[in-house]
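Everything below concerns the one structure shown next.
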Amino acid sequence: MSRPRRMLDDLPGPSGLGDEQAPAPRGQGGDGPPPGPQQPRPALPTPYVSFAIIAGAVGMFVLSRSLGRPLIIDGTNYGIVGPLALYGPWVQAGEYWRLLGMVFEHGGAMHLLFNMLAVYSLGASLERGIGSLRFLGLSLVTALGGSAFALFFNFDIVTVGASGMILGWGGAMLPILNQQGRRDHMFWLVQVAVISLLPGVSWAGHLGGFVFGLPCGMALRMGPKVYARAIPVLLFIAAALAVVAAHPGRLGGF
């Protein structure tokens with residue numbers, strides 16, 4: 001993602017939802033009051049949610065191996081699985097915290113580095129644009145959406161990483177970006193789509209996050225009141241789908 005902050009600059013108001021109007025320009029003939037001294041630009045709001053995600057992911061990377069447990073299938077030990085990693089049979093057994101916790105687990109230092117760079121650039125920029133509370137709701141919806149799709153399509157595969165949630169942020173940005181920003185953003189999305197097809201990458205988690213991010217972005221575009229009503233509904237749908245995906249036997253399998 002190149003210059004995500006620049007792509008968000010044209011959103012109206014500091015939250016990107018019309019919260020504040022710009023001062024009226026002077027007339028063409030130079031009428032109106034003379035410009036006063038240039039005011040310093042206000043400090044950007046702190047992206048608390050993005051920073052918490054980074055801190056949690058780094059902390060889990062340090063602690064995960066000591067807190068995890070071995071995955072043994074038919075007598076074969078497949079290694080240590082972190083305490084927050086997504087694995088269908090364990091979620092089915094009641095470990096539902098894995099539906100959200102997976103965003104803090106990563107498969108290696110490079111996986112962690114690339115995802116946290118995306119959180120720091122894309123996530124923090126979006127959070128500053130829409131506000132931390134709205135961003136938190138968006139993140140919960142897209143994380144659950146990514147987990148739901150991962151369980152639907154890869155129930156018996158261990159899945160880790162924040163990529164599904166990050167793709168959800170990308171989906172939410174599409175309806176609210178300006179035209180130039182949308183072109184740049186689409187180029188990034190195409191790159192991620194290609195990466196999603198590589199072996200070992202959870203294309204289902206990426207797709208699920210993106211699919212749930214799009215309606216969040218549409219609600220953002222329609223304004224704060226619509227978004228405030230839409231997020232609880234989308235959160236319920238994502239959570240319900242994730243729970244259903246964790247119990248495929250109840251629907252006769254997929």
Side-chain angles (χ1 to χ4, degrees), residues 1-25 35-60 100 103-104 112-146 162-182 184-185 188-189 209-210 212-232 234-235 238:
M1 170 58 62
S2 60
R3 300 183 298 279
R5 181 70 209 172
R6 175 183 164 189
M7 293 195 294
L8 291 167
D9 282 344
D10 287 352
L11 295 180
S15 71
L17 294 170
D19 292 339
E20 182 179 342
Q21 292 182 344
Q38 186 173 4
Q39 298 296 322
R41 296 185 65 179
L44 293 173
T46 303
Y48 293 107
V49 177
S50 297
F51 287 170
I53 292 170
I54 293 172
V58 172
M60 283 307 305
L100 288 174
V103 304
F104 298 107
L112 175 70
L113 176 63
F114 284 127
N115 273 2
M116 293 308 102
L117 285 174
V119 173
Y120 182 76
S121 57
L122 180 65
S125 297
L126 180 58
E127 182 176 353
R128 290 188 179 109
I130 67 176
S132 291
L133 188 59
R134 292 167 184 150
F135 182 75
L136 176 61
L138 168 63
S139 299
L140 291 174
V141 170
T142 55
L144 285 171
S163 301
M165 180 177 63
I166 293 169
L167 263 292
W169 299 340
M173 287 176 66
L174 272 180
I176 62 177
L177 288 173
N178 59 60
Q179 186 174 3
Q180 178 60 43
R182 192 173 293 115
D184 294 342
H185 194 56
W188 176 76
L189 288 174
F210 180 79
F212 274 89
L214 277 176
C216 293
M218 295 174 187
L220 277 169
R221 187 175 182 86
M222 288 186 279
K225 292 182 179 179
V226 173
Y227 186 75
R229 295 190 185 103
I231 281 296
L234 291 169
L235 187 59

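We're numbering straight along the sequence, starting at 1.
Residues Thr46 and Ser132 share a closest heavy-atom pair of O-OG, 3.8 Å. For the pair Pro232 and Ala228, the tightest heavy-atom approach, listed with the atom from each and the gap, is CD-O, 3.1 Å. Taking all atoms of both residues into account, the shortest heavy-atom contact from Arg128 to Pro45 is NE-O, 3.1 Å. Residues Cys216 and Ala172 come closest through the heavy atom pair CB-CB, 4.5 Å. The two atoms that bring Gly170 and Trp188 nearest to each other are CA-CZ3, 4.1 Å, heavy atoms only. Closest non-hydrogen pair, Met116 versus Ala162, comes out as CE-CB, 4.5 Å.
Atom-to-atom distance recorded for Met173:CE and Leu122:CG is 5.0 Å, nearest 0.5 angstrom. Note: Leu234 CG to Leu144 CG = 11.5 Å, rounded to the nearest 0.5 Å. Taking CG of Leu133 as the start and CG of Leu138 as the end, the distance is 11.5 Å to the nearest 0.5 Å. Note that the CD1 atom of Ile166 and the OG atom of Ser139 stand 9.5 Å from one another [nearest 0.5 Å]. Between the OH atom of Tyr120 and the CD1 atom of Ile54 there is a distance of 8.0 Å, given to the nearest 0.5 Å. To the nearest 0.5 Å, atoms CD1 (Ile176) and CZ (Arg221) are separated by 9.0 Å.
For the pair Tyr227 (side chain) and Arg134 (backbone), a donor-acceptor distance under 3.5 Å is present.
Not counting sequence neighbours, the partners of Phe114 by the side-chain contact (heavy atoms from CB on, under 4.5 Å) test are Met110. For the side-chain contact (heavy atoms from CB on, under 4.5 Å) test, residues two or more places apart in sequence or in another chain that qualify with Leu189 are Leu167, Leu174, His185, Met186, Phe210. Qualifying side-chain contact (heavy atoms from CB on, under 4.5 Å) partners for Leu136, counting only residues two or more places apart in sequence or in other chains: Val49, Leu140. Residues satisfying the side-chain contact (heavy atoms from CB on, under 4.5 Å) criterion with Ser163, sequence neighbours excluded, are His111, Asn115, His206.
Remark: Phe51 CZ is packed, more than 12 non-hydrogen atoms of other residues, nucleotides or ligands lying under 6.0 Å away.
Within the structure, every pair that satisfies the ring pair (Phe, Tyr, Trp, His ring centres under 6.0 Å) test and touches residues 123-144, not counting sequence neighbours, is listed here: Phe135-Trp169.
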